[in-house]
Every structure is written in structure tokens, then in C-alpha cells.
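Only one structure is covered here, and it is reproduced in the block below.
Convention: sequence-line order gives letters A, B, ...; per-chain numbering from 1. No experiment lies behind these values; they were computed from the predicted model shown.
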Amino acid sequence: MPDDRKNRACRAVSRRAFVATLAGAAVDIVAGTPARAAAGQRIVALDAPSTEMLIALGIEPVGAAGLAGYRATEGNLPQLRRTTDIGFYYEPNVELLQALSPDFFVSSFGIGVSKDLLSRIAPVISVPIYGSGSPPYDAAIRALRQTAKATNNTGRADAFLENHDDRLAALRAKASGANTRPVYIASPLLDGRHVILYGVNSLFDEILRRIGLRNAYTGPTSPWGIASVGIETLASGGDAAFVYIESPVTRTALRALAASAIWQRLSFMREERVVPIRYLEMYGALPTADRFAEAVGGLLEKRVLNDG
Amino acid sequence: MAEAIRRNGPFAACTSLVIVLSLFTAALALAGVNLAQYVPMADWASLADVSQTADIGRLLAWESFLPRAVVSLLAGAGLALAGVLFQNVLRNPLAEPATIGVAGGAQLALIAATLWQPELAGTLGAEGIAFVGGLLAVCITITIGSGRNFSPARLIVAGIFISLYCGSISGVLILFHQNYLTGVLLWNSGSLVQNGWDATGQLTIRGALVVAIAVLMTRPLSLLSLGDEAARGLGINVAAIRLLTLLLAVFLTASIVSMVGTIAFIGLAAPAIARAGGARGVSQQLLVAPLIGAGLLCLTDQLVQLAPLAREIPTGAATALFGAPLLLWLLPRLRATSVPSTQSPDQAVRNRHSARWLLAGLCLLLITLWAALAFGRGPDGWAWLSGSDLADMLQWRWPRVVAVGMAGGMLAAAGVLMQRMTANPLASPEVLGISSGAALGLIVLLFATPAPDSYARFLACTAGSTLTLFVILLSGRKSGFRPEQMLLVGIAVSTLFSALAAVLMASGDPRMTVLLGWMAGSTYTVTSSQALATAFIGMGLLALVPLLVRPLAILPLGPVFSHAIGLSVTRIRFLLLLLTAALTAAATLTVGPLTFVGLLAPHLARLSGFQRPGEHLAASILLGSSVMIAADWFGRMAIFPYQIPAGLFATFLAGPFFLFFLQRQK
């Protein structure tokens with residue numbers, strides 16, 4: 001098992017390098033000439049993962065989609081003080097965009113807004129994370145590197161990735177030392193009868209695997225990695241721990257769940273293995289994955305996920 | 001009336017019995033298979049012994065599977081019973097629980113509570129909120145729609161209006177807060193998942209109450225079906241009976257909807273199947289339809305649990321998947337219903353200076369057009385643009401404005417044609433099913449590729465609407481394109497589409513926002529070539545409309561009169577249908593299937609006093625275009641830089657005017 005993981009890691013590194021070179025070439029083709037990020041380069045983020053990545057790279061975007069919602073969940077970040085809200089990620093306001101006259105756009109959802117439409121205003125750098133055909137974690141790393149290259153910030157990206165890898169390595173060590181249970185990563189829903197589970201194809205699932213934890217949900221998921229299931233599906237979880245991501249509806253949802261006969265008899269409920277973690281974007285980029293890893297680290301620290 | 005050959009008593013009973021028995025047998029057999037997955041057959045007898053719940057299989061069988069099966073029986077029976085009551089009170093075979101606004105109100109209440117008062121769900125429970133919401137919506141419907149004697153036409157129109165209004169508000173809220181609302185969307189798609197026997201207990205108590213009262217009301221209801229005057233002559237207080245029956249049906253529907261969400265079709269299909277199987281009269285329908293409904297829903301639910309599919313398909317969507325083809329298959333066998341079709345809509349005040357008002361309407365349209373192109377919000381605030389600034393912005397604005405204006409005009413024209421052809425106030429091009437057919441084509445495409453370009457979408461929509469038209473024409477040919485048949489086909493297709501859409505939206509997949517945007521009538525992706533094509537096609541089709549003014553005036557006078565002056569009723573109906581379908585398809589490609597301008601604009605025009613077919617058509621087209629252009633503009637500017645889709649906003653805008661004119665009639 002450990003050898004297999006090492007082999008995979010090696011292959012991942014060389015794959016990363018290879019893909020990064022390809023991506024660099026692709027970005028050149030898309031953006032024309034490699035962009036020089038002078039202070040004051042005008043970049044518009046077309047969705048939340050792009051906003052996240054730009055902030056992580058220390059860039060203040062002049063415009064971001066869904067900014068009102070982003071600020072509501074992430075707080076008033078200083079980097080977004082002077083950013084203009086440009087509308088929904090799938091319908092950014094083109095008249096406003098024309099008035100903003102950006103140098104280029106960053107898009108990582110890969111769906112919704114038409115590239116042809118926006119190309120009339122400025123080049124679109126497309127760095128899809130989900131639904132791109134490859135696992136979202138690799139795609140997220142690729143996306144960060146490509147964005148960094150386009151904004152001439154590769155140094156910061158390397159630093160971020162190095163930090164992230166160190167964190168993962170430390171967690172891997174800690175997890176292998178303890179005897180850990182499988183984990184459900186969930187968002188409970190208001191009606192008290194369904195939950196959203198993160199499974200295969202999701203960023204959180206990949207982080208779990210890279211740390212060496214098992215995802216208790218192994219069933220089918222949507223192409224973007226989530227499944228909405230009835231809570232009776234959780235009955236087969238055995239000795240799993242239930243980790244849920246907080247949101248404005250979780251308090252009500254948990255109260256509704258508490259009234260359910262099945263929920264009360266689930267093993268993690270009876271043995272009090274239900275733990276919350278701070279709000280995270282459902283579909284995020286690498287910074288979200290990194291924060292998730294941090295949260296899991298906190299749980300490992302408190303020995304919540306340990307067996308026995 | 002030659003088609004109305006009734007079957008005789010024993011034979012009729014036979015068919016219904018056969019249907020009910022086969023449904024129940026199939027359902028029970030499948031239930032057995034499913035139960036065996038949890039608990040081996042030998043242990044079934046001791047399932048009720050709850051103390052031994054260490055075994056997960058027994059726990060799930062007792063607390064999840066069995067309650068679910070019982071709820072499916074109860075809900076199916078209840079929905080069918082409510083459907084029979086509605087259809088008899090409202091005298092319209094198309095009336096069903098969704099038609100009077102229960103589902104719309106319940107969903108809106110749940111969404112509002114989720115977003116702004118989640119603590120309410122703690123005290124009332126999600127069911128309580130949904131129930132209150134549904135009840136409130138219906139009370140509003142009854143208040144708006146109450147004319148003399150609770151005339152059914154007004155009530156139905158008011159009900160549809162409330163449904164649409166709640167739906168459009170919900171739509172906007174969903175657009176903004178998708179992630180938190182996945183739970184509501186799941187509920188809305190009709191999930192029968194159970195957690196214990198609470199829901200069963202509630203449903204049994206309420207259902208028993210309703211059944212008891214319904215049994216007492218059987219005789220007055222049968223007398224009511226003879227017609228208002230006859231019933232009054234026999235001593236029935238028509239208004240009181242109608243109100244009481246309505247409240248009964250509403251109470252039952254609200255209870256069911258609040259617990260399991262929107263189950264498509266049972267309220268419409270079960271009574272229809274009962275009638276097709278030969279159940280005559282209210283008393284027989286009240287007995288047979290609930291049995292059929294129970295069997296249908298239980299069977300569907302068991303099938304859904306049996307099939308090894310990737311995502312859990314909500315039963316509410318599955319009923320549409322089974323119910324729609326079933327209804328389509330049954331249509332040729334549907335005898336003339338024992339539910340008399342609606343009387344003609346209430347007369348409005350006639351306008352004497354129609355030409356002048358039409359001219360005013362044209363000016364209004366032109367002003368709206370100009371304002372939509374030149375006036376708006378930018379990063380620096382509001383501005384009337386001119387000169388080079390205007391030229392810059394025009395490239396973004398003119399395709400949307402032109403396309404949406406044409407689409408509004410086309411839908412309004414199609415609406416007039418439909419409502420006059422069928423004399424049914426429910427009739428609108430969206431109900432015809434063409435727009436849903438187009439939407440179905442799009443959904444299928446989205447299942448295949450996540451991000452199709454506009455040409456692919458165009459092709460998919462066209463394929464869908466053409467196929468639907470083909471089905472409609474095929475099923476209509478035998479019956480001489482009888483309007484009631486057409487509308488039933490349309491409702492089948494529309495329900496199928498909304499069920500599929502609900503499934504997709506509940507999955508939480510962000511790709512579905514693209515679908516939602518188009519469905520809500522967002523004009524964001526309209527390109528200049530699309531706008532030009534729409535304008536060209538629209539002009540061409542609308543030019544054909546004046547040719548049908550004379551037949552439209554003559555058709556309502558009856559087939560005998562029409563034949564007498566040499567007008568072939570079948571051929572005229574066929575041409576009307578074709579033109580309506582073409583208008584609807586062209587408009588749907590731009591503004592999606594849910595604008596309902598085709599329903600509201602003709603009513604608004606008629607209520608403003610344009611009675612004759614020619615002026616009705618002209619006024620509707622002008623109104624429809626203006627409303628859509630205004631809606632698109634408001635949608636773009638109201639919460640700048642966010643954009644509310646034009647379709648949703650059209651319902652917002654037209655709504656208060658519609659209410660105003662409806663009240664004026666009293």
C-alpha cells in the first residue's frame with residue numbers, strides 16, 4: 001500500500017510538470033502573449049473558485065461574479081474592497097464588463113457563460129476544475145498554476161502549493177499513526193430526510209484519500225462529486241464518523257433530523273461522533289481544499305476520528 | 001356527441017376492477033421483492049417487534065420501507081380523491097391540485113422560511129410551513145376568483161395566476177440562493193422518503209376525515225353536475241356546496257403536498273383513467289379514482305426503489321415519466337367525459353373606440369422599445385444614452401430587445417388562437433405542450449453534454465417541439481382535433497418536462513443553472529443572428545394570423561353553423577393548431593417555456609374591452625410585446641448588475657394589471 005502511494009505521488013509530480021508545460025503553452029495561445037502583471041492589471045474573476053485563486057495569489061480583481069454571496073460567506077476581505085460585483089457567474093453583466101474594460105477574464109467553472117460573448121471584451125483564460133475530465137484535485141492544482149502564470153505570479157503559487165503539500169504530508173503522518181474510522185462529509189438538508197454527501201469526483205474526497213482517510217460514502221455521485229441521498233443510506237456506514245459543513249440551515253436541519261427515528265438509531269448518532277466544520281464552498285478551488293485539509297487536521301488533533 | 005356511447009354497468013365495472021386489481025397486484029409483488037432486500041421472507045411476521053432493531057435491515061424495513069409504502073398508497077388515494085373533487089366542482093377535466101395554487105404556495109412558504117426564518121421550521125416543522133403556505137395561497141385564489149356562485153372559470157384562472165406568481169417569486173429566490181435551497185428543491189420534486197410512522201398517522205387521520213365528509217357530499221355533488229340552474233331548482237345551495245367541496249379538496253391536497261412535495265399527475269391521471277375505465281357519475285368516480293391513484297403511486301414508488309439507478313429519482317418525477325405515456329395511450333379510449341367542459345369565460349365590458357385604443361397601444365410599444373434600448377443603468381448610475389455611447393451599448397441591447405418583443409407578440413397571438421379555439425381559459429401555448437417539448441429536447445441534450453453551444457440548443461429545441469407536434473397531430477387526427485384532447489396531450493408533456501426539470505434541479509448540479517436560466521426566460525444568450533431569425537420568422541407567422549380572423553369568429557357558433565356556411569371545422573382546427581405550434585416553438589427558443597405571456601396577454605386584452613377576434617388579436621400582440629420588452633428591461637435594471645430573467649419578470653409585471661382588471665369585472 002505505501003509503495004503504491006509513493007509511486008502514485010511520483011507519477012503525480014511528473015504528470016504535474018508535464019501538464020504544467022502544456023498548460024503554459026495553452027495559456028500562451030489563448031492570451032496571445034504572456035501577460036505581464038504590472039501593478040494595476042485589470043482581471044475579472046468569472047466565478048467563486050477563480051476569485052478564491054486570485055486572492056490566494058495576492059491579486060485584487062477589478063470585478064468578481066457573485067460577489068455579494070461571496071462576501072456574505074467569506075466576510076469582507078480586504079482584497080475585495082474595491083472589487084465590482086458583475087452579476088451571476090452564468091450571466092455576468094456584459095454592459096458593466098464593457099465599462100470596466102478588463103485585461104482578461106479567469107473562468108474555472110467551464111459552464112454557463114459563453115466564451116465567444118466575453119471574448120469580444122477581453123480574452124478569457126479558462127482553467128476548468130470540475131467536469132474537465134480529469135480528477136478535480138489535479139485540475140485544481142493545474143488551474144492555480146495556470147492562473148499564476150497568466151498573472152506572472154508563479155512564485156506565490158509555488159509557495160502556496162509547497163505549504164499545501166507540507167500540510168498534507170503532516171496530516172498523512174498523523175493519520176497513519178492513529179487508527180482512523182471512515183468519514184462521512186456531508187451537508188444536512190432542511191427537510192430532515194436527506195443529506196448531501198461528498199463522494200468520488202469531489203475535491204474533499206480527494207483530500208481525504210491523500211491524507212489516508214477513508215470516505216464512508218462510496219456510492220455514485222454527480223459529475224461534480226456530490227450525491228443527495230436519504231438518510232437511510234447512512235445506515236450502512238457502520239462505525240463511521242459524521243462530519244458536516246456548517247451553513248445557515250444546519251441548525252434547523254439538525255433539529256429536524258433529531259426527530260427522525262432512523263437518525264436517532266444511526267451508530268454515529270448514538271455514539272456521539274457528529275462533528276461540524278466551518279463553512280466551505282461546495283465547489284471550490286485549491287484554497288478551499290487547503291482549508292478543508294486544515295479543518296480535518298483540527299479533527300485529527302482532537303482525536304475525533306480515531307477508532308476506539 | 002356520437003362519440004359519447006356509454007358502456008353499460010357491469011361491463012364498466014369490469015374494466016375498472018381489472019385496472020385496479022392489476023395495479024395492486026403489480027405493486028404488491030414489487031413491494032415484496034423490495035422488502036426481501038432488507039429482511040428475508042421468513043422474518044416478515046416479526047417485523048413489528050421493534051425491540052430487535054440492532055439489525056439495520058429490520059430497522060430500515062420497519063421505519064423506512066413500510067411507512068413509505070403505506071404513505072404512497074394514502075397519498076395516491078388522497079391526490080386522486082382531491083382531483084375528482086376539483087374536476088367536478090370546477091367543471092374542468094384539466095383541474096388538478098396544482099391548478100389552484102396549493103403547490104406553488106407551499107413551495108414559496110418553504111423557500112421563504114428556509115432563507116429568512118429557519119427557526120420557524122423548528123416549531124412548525126417543514127410540513128407545517130408548507131401546509132400554511134398552501135392554504136394561504138388557496139385562500140387568496142378564492143378571494144380573487146370568487147364571482148357569482150364561485151364561477152369555475154374565474155376560479156381556475158385565478159388559481160393558475162397564483163401558481164405562476166408564487167412560482168416566479170420562488171424562481172427568483174432559487175436563482176439567488178441555490179445552495180441553501182437544495183432541500184426545498186428535493187422536497188418539491190416529490191420525495192416519499194420516510195423516517196418513521198408520523199406522516200402515515202397524520203395522513204390517515206386527515207384522510208379519514210375528508211373521506212367521511214366526501215361521502216356525505218356525494219349526493220349534492222351529483223346534483224351539481226346537472227348544471228347550476230337545475231341544481232338550484234332541486235334545492236341545492238350551489239355556492240355553499242362548491243365552497244365546502246373546494247375547502248375539503250384543498251385541505252387534503254395541502255396536507256399531502258406539505259408532507260411529500262409535488263407528485264405530478266396522479267390528481268389528473270387517476271380520475272381520467274377512472275372515467276376511461278367507465279366510471280360514470282360522481283359517486284363511482286369517488287370510489288374508483290382513489291383506488292387507481294393508490295395503485296399507481298405505490299407501483300411507481302416500488303419501481304423507483306427497485307431500479308438500480310445512479311441518482312435517487314424522486315417519485316414525484318417518476319409518476320410523470322410513467323403517467324404521461326400512460327395518459328397519451330389512454331387518450332383515444334377516453335370517452336366524452338362526464339365532467340362537462342367549461343362554460344364560456346365571463347363577458348367583459350365592450351370597448352367602443354377600439355381603433356383609437358389600438359393606436360395608443362402601438363405608441364406604447366414603440367415608446368417601450370426606445371426606452372429599453374436607450375435608458376438604463378451603468379457603473380455610474382442611470383443614464384439616457386445617445387450618440388456614440390448608445391451605439392456602443394446597442395450591440396448588447398438590441399438583440400435581446402428585438403427577440404423578446406417578437407417572442408412576446410408571438411406567444412400572445414398563439415394564446416388568443418388557443419383560447420378562442422378551445423373556449424377554455426386555461427388554454428395557453430405553454431399548456432399546448434410545444435414549449436415543453438422544446439424544453440424536453442434541451443434537457444435531453446444537457447444530459448448528454450454539459451455545455452452545449454447555441455446551435456446545438458436550437459437544434460435540440462426544434463427537434464423536441466417538432467416531435468411533440470407530431471404526437472399531438474397523431475393523437476388528434478382521430479378525434480378531429482377536439483380541443484380537450486389537445487390540451488390533455490399538452491398537459492402530459494408539460495408535466496413530464498417539469499418533473500424532469502425538478503429532478504435535475506434537485507441534484508444540485510450547477511449545470512442546471514443554465515437550464516434554469518433558459519426556463520425562466522433569460523434572454524442573456526440571444527445573439528444578433530438569433531434575434532434576426534426570430535424577427536423574420538415572427539413577422540412571417542404573424543402575417544398569417546389575420547387570415548384566420550373570420551374563422552375564429554365563426555367557430556364558437558358551433559359545428560353545425562360552420563358546416564352550413566362551408567367552413568370545414570376539422571381543417572380549420574388543424575390549421576389553427578399548426579400556426580399556434582409554429583408561433584410557440586419560435587418564441588420558446590428565445591424566452592423558454594414558462595413566460596405565460598400567452599396566458600395573461602389575451603386575458604388582459606379581453607378584460608380591457610377588446611372582444612372581437614381581430615381587435616383581440618391585435619391588442620394581445622401589442623400587449624404581449626410591450627410586456628415582454630418591459631419585463632426584460634426591468635429584469636436587467638432592477639437589481640443591477642444581477643439580472644432577473646424576462647420570463648419571471650413578465651409574470652411579475654402582468655400580474656397586478658391582471659388582478660386589477662379581474663377585480664373591475666365584479
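- Heavy atoms of A/Ala227 lying under 4.5 Å from chain B are absent altogether.
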For this session: Apply side-chain contact (heavy atoms from CB on, under 4.5 Å) to B/Glu63 and A/Glu232, showing your working.
Result: CA-CA 9 Å; B/Glu63 299 284 0; A/Glu232 66 273 2; over 6 Å; no
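- Only the backbone of A/Ile86 comes within contact range of chain B, with at least one heavy atom under 4.5 Å from a heavy atom of that chain.
- Taking all atoms of both residues into account, the shortest heavy-atom contact from A/Gly87 to B/Pro641 is N-CG, 3.8 Å.
- Contact annotation for A/Ile121: only side-chain heavy atoms (C-beta onward) come within less than 4.5 Å of a heavy atom of chain B.
- The minimum heavy-atom distance between B/Tyr524 and A/Glu91, with the atom names listed, is CB-OE2, 3.4 Å.
- Side-chain N/O atoms of A/Asn93 and B/Tyr642 include no donor and acceptor closer than 3.5 Å.
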For this session: Test side-chain contact (heavy atoms from CB on, under 4.5 Å) on B/Trp396 and A/Arg120 and set out the steps.
Result: CA-CA 11 Å; B/Trp396 307 114; A/Arg120 285 152 65 182; 3.8 Å; yes
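- Chosen from A/Ile231, A/Val94, A/Leu266, A/Leu100, the residue pairing most often with chain B at heavy-atom distances under 4.5 Å is A/Val94.
- In this structure, the portions of A/Glu95 lying under 4.5 Å from any heavy atom of chain B include both its backbone and its side chain.
- The number of heavy atoms from other shown groups lying within 6.0 Å of CD (A/Glu271) is above 12.
- For the options A/Ser187, A/Ala99, A/Pro92, heavy-atom pairs under 4.5 Å to chain B are most numerous at A/Pro92.
- For A/Ala68, the parts lying near chain B are the backbone and the side chain together; criterion is any non-hydrogen pair under 4.5 Å.
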